[in-house]
Amino acid sequence: MPGASRADLSALARAWLEEIVNARDLFAWNGLTRASATAKPRPRNAPDADVSISHSSTMLLVGACADARIGVDIEAGPFRAFDSPALVRRMCTPHESTTAQSLDDDARRRYLARVWTSKEAQTKATGTGLVTDFRTLDSGARPHFPLQPFEAHLAVADRDAVLHAHTLVLEDSRD
């Protein structure tokens, strides 16, 4: 959606969530609500259900589930934000930092985007968000993965709080 505003993306995300929830009969759709302006949107009147929304540039990713907590995150290339040494220090475990330093610039940015989206999805699923020290989370990211114009992750925390994280490989519909 080139030129789409944040409000346009939010409206589209909510419409997609409603369509997914209703098409899969996940739970009764009554819209979304927030506990505060900074809180993650939650399904209204569906306490055992969860949704997650992420957008970056013209990319949009949504997820919905019942009886679990979900987190999604997407970052669009060229991943220049990951050129910041301060950001890298705040987000990487020692192993991730060492791996990143061993890569050329393009591969390093892509790898760090993979690390970030994994951790962001995990913290959305657990409900801890950005207050979590990302240096304590293992992203499970591998430095070599199929090239795509974005990095995306999905994480689900089940009823026992066991976290299941997955790298998403998506097709770019522009091709």
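No hydrogens, no waters, no symmetry mates; every other heavy atom, side chains included, goes into these values.
Using modelled atom types, no side-chain atom of S57 and backbone atom of A76 make a donor-acceptor pair closer than 3.5 Å. One N or O on the side chain of R42 and one on the backbone of A49 form a donor-acceptor pair closer than 3.5 Å. In this structure, the side chain of S52 engages the main chain of V72 through a donor-acceptor pair within 3.5 Å. A donor-acceptor pair is defined here as one N or O able to donate and one able to accept, closer than 3.5 Å; no such pair exists between the side chain of D160 and the backbone of V162.
Residues S97 and R89 fail the side-chain proximity criterion, which asks for heavy atoms closer than 4.5 Å. A heavy-atom distance below 4.5 Å is not found between the side chains of D48 and F27. The shortest side-chain heavy-atom distance between V88 and L112 falls under the 4.5 Å cut-off. Considering only heavy atoms from C-beta on, V156 stays 4.5 Å or farther from R69 through its side chain. Side-chain contact between T93 and R135 is absent, with no heavy atoms from C-beta onward closer than 4.5 Å. Using a 4.5 Å heavy-atom threshold, the side chains of H166 and H164 count as touching. Looking at W29 and R44, their side chains never come closer than 4.5 Å, going by heavy atoms from C-beta outward. L61 places none of its side-chain heavy atoms less than 4.5 Å from the side chain of D73.
Going from atom CG of L154 over to atom OG of S54 covers 11.5 Å, rounded to the nearest 0.5 Å. In this structure, CD1 in I53 is found 5.5 Å from CZ in R14, a value given to the nearest 0.5 Å. To the nearest 0.5 Å, atoms CE (M91) and OG1 (T132) are separated by 14.0 Å. Expressed to the nearest 0.5 Å, how far CZ of R110 lies from CG of D105 amounts to 13.5 Å. Atom-to-atom distance recorded for L60:CG and F150:CZ is 12.0 Å, nearest 0.5 angstrom.
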Problem set entry | Candidate pair D83 and R108, rule salt bridge (charged side-chain N to carboxylate O under 4.0 Å, His left out), full reasoning | CA-CA 9 Å; D83 285 337; R108 179 182 44 75; 3.5 Å; yes

For this session: Mind running ring-ring contact (aromatic ring centres under 6.0 Å, His included) on F134 and W116 for me, showing each step along the way?
Result: CA-CA 9 Å; F134 276 25; W116 177 266; 5.0 Å; yes

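In this structure, D50 pairs ionically with K40, as a charged nitrogen and a carboxylate oxygen lie closer than 4.0 Å. Ion pair E96/K119 flagged as a salt bridge, since at least one NZ, NE, NH1 or NH2 atom sits closer than 4.0 Å to an Asp/Glu carboxylate oxygen.
Follow the hydrophobic side-chain contacts under 4.5 Å out from L163 and you never reach V51; the two are in separate clusters. Taking hydrophobic clusters as Ile, Leu, Val, Met, Phe, Trp and Tyr residues chained together by side-chain heavy-atom distances below 4.5 Å, V115 does not share a cluster with M59.
Residues D8 and S5 have side chains that bring a donor and an acceptor to within less than 3.5 angstrom of each other. Defined by atom type and a distance below 3.5 Å, a donor-acceptor pair is present between the side-chain atoms of Q122 and S118.
Counting non-hydrogen atoms of neighbouring residues, nucleotides and ligands closer than 6.0 angstrom, the CZ atom of R24 reaches no more than 12 such neighbours.
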